[in-house]
A.B. asks: 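Just dropping this structure here.
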Amino acid sequence: MSDLIELTVTEAAVRIRSGELSPDEYFEAYRRAAAGDSLNAFLWTAEDTAQADLEGTRAARDERDSERPLDGIPVAVKDIFCTEGIPTTAGSRILQGYRPPYTATAVRRLRDAGARILGKANMDEFAMGSSNENSGYGPVLNPWDEGRVPGGSSGGSAAAVAGRLAPCAIGTDTGGSIRQPAALCGIVGMKPTYGAVSRYGMIAFASSLDQCGPLTRDVSDAALLLRAMEGRDPCDSTSVGIEGGIELPSREDLKGLSFGIPRELASDAEGIESGVQEVFERTVALIEELGGEVSETELPHAPHGISAYYVLAPAEASANLARFDGVRYGMRVDADDLTEMYEETRAKGFGPEVKRRIMLGTYALSSGYYEAYYGRAQRVRTKIAEDFSRAFERFDFVVTPTSPTVAFKLGAKTDDPLAMYMNDYCTVPMPLAGIPAISIPAGVAPPADGGPDDARARESATRLPVGFQIAGPAFSDSAMLDAAHALEMAIGFRRNGTAT
Ligand code: GLN
């Protein structure tokens, strides 16, 4: 059974299709692993295959349609995706007990490709956070070191895949929430081009930034999931899909490709740990060995990404979260009159970070300040997008560290929202520009905050994964996956921390 759990999705799918592996046996192996979750990665897990196969799937599966590329694959679904009849909380107490009447398009497409819902993954409340400590249901632990955070906001998805509780997962990325937890947990995480995957049924945080994407053991698995999910959806007018679909990666070298290193997000960036920097430089050298051309470039406005993001995202969130009023969904605190009921429900249901963002966002949108904050942040956003366009005239891709640090200790940044926001320094510019980006595990490094006092424990336990980020122009998703695949093969990352 432990062997089954080591298979990638691509490998398992081949065995299932050839009849060598029973989908029920495979599901059962993961169902048991997920039921024994000691990382708090799941908020709900399927009790049996009947629950995992949403309505309509079972009949189709009985026909054993061999064309279905994800037939029998269990998937962990971030709890921000609506799943018909299955509890969906977005990590918030305000949605406790909510069971949606419909299923998100991204999940429906996975299901149509044959996948089964293994569980709903824990997350920062309404996807606001970088450590999963903002969940209304307790933090998720990092499987590499349970005293550390898995990253956020898709921390449950990342921990489940890295901790062998799920073969693959989906999450959402607004400012880095797929790529950063993937980096901190040593797995692959991809944010597709804005519009590649439908947002229908994905509980909205900041609608102009939110994108759904895969968290997987390797790049081929990410491509497989994205291939099933992408596409135009009449229920989301911003979804356009990817022309020609997603091709499965096969590249073995990087000949003919050029990579720019934006100095603002690499050498000139403050706060990048030396261990992270070393792994980054080693990986850049590997790109050159694979025949890729590398040189420095600039994204002059990227350092303002965090400031713009933390105006725009809260502004959109403050509008999106107005719907949680105690009337339509989940929790209600009864009171004497309607206004009081709204106030008490929201006071009790939302956590402190969500309240902070609603207040910031409402302020930024108020009539006297709209131009000074929201208007200006939108202009910065345009500048950042123009910087990327200019860089992509010269380079096929830009590369950066995914996160300035490796996984940090639980509680280390909870009292300092600004320090927490800096986690997103390298990941926020891409969603502001709407472009795709992927994080792949590139090596391990000791944390700068030191490990346990016991020297032996330090030796074995404190080398933590480091992510390497590749970003490309809008709709270059297939080409980006292909390049990431070649690099991943050369890195040869192993979960035990050895990279060949
Ligand atoms: N960490 C960022 C935030 O707190 C990004 C979150 C996300 O991408 N959903 O907003």
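Numbering of ligands and ligand atoms starts at 1, following listing order.
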A.B. asks: Is there a side-chain contact between Cys185 and Asn142 in this structure, where contact means two heavy atoms from C-beta onward sitting under 4.5 Å apart?
C.D. replies: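 Cys185 vs Asn142: side chains touch.
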A.B. asks: Side chains of Ser208 and Arg381: closer than 4.5 Å at any heavy-atom pair?
C.D. replies: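 Heavy-atom side-chain distance check passes, below 4.5 Å.
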A.B. asks: Minimum heavy-atom separation for Lys120 to Ile86, with atom names?
C.D. replies: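 Smallest heavy-atom distance, with atoms named: CG-CG2, 3.9 Å.
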A.B. asks: Taking atom CD of Glu296 as the centre, does the number of heavy atoms from other residues, nucleotides or ligands within less than 6.0 Å exceed 12?
C.D. replies: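 Counting other residues, nucleotides and ligands, CD of Glu296 exceeds 12 neighbours.
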A.B. asks: Protein residues near ligand 1, heavy-atom distance below 4.0 Å?
C.D. replies: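 Under the 4.0 Å cut-off, ligand 1 touches Ala127, Met128, Gly129, Ser130, Ser153, Asp173, Thr174, Gly175, Gly176, Ser177, Phe205, Tyr309, Tyr310, Arg357, Asp424.
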A.B. asks: For Thr405 and Leu184, work out which heavy atoms get closest and say how close.
C.D. replies: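 Residues Thr405 and Leu184, closest heavy atoms: O-CD1, 3.7 Å.
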A.B. asks: Among residues two or more places apart or on two chains, list those pairs meeting salt bridge (Lys or Arg N to Asp or Glu O under 4.0 Å) that have a residue in residues 192-214.
C.D. replies: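 Counting only pairs at least two positions apart or across chains, the salt bridge (Lys or Arg N to Asp or Glu O under 4.0 Å) contacts touching residues 192-214 are Arg199-Asp236.
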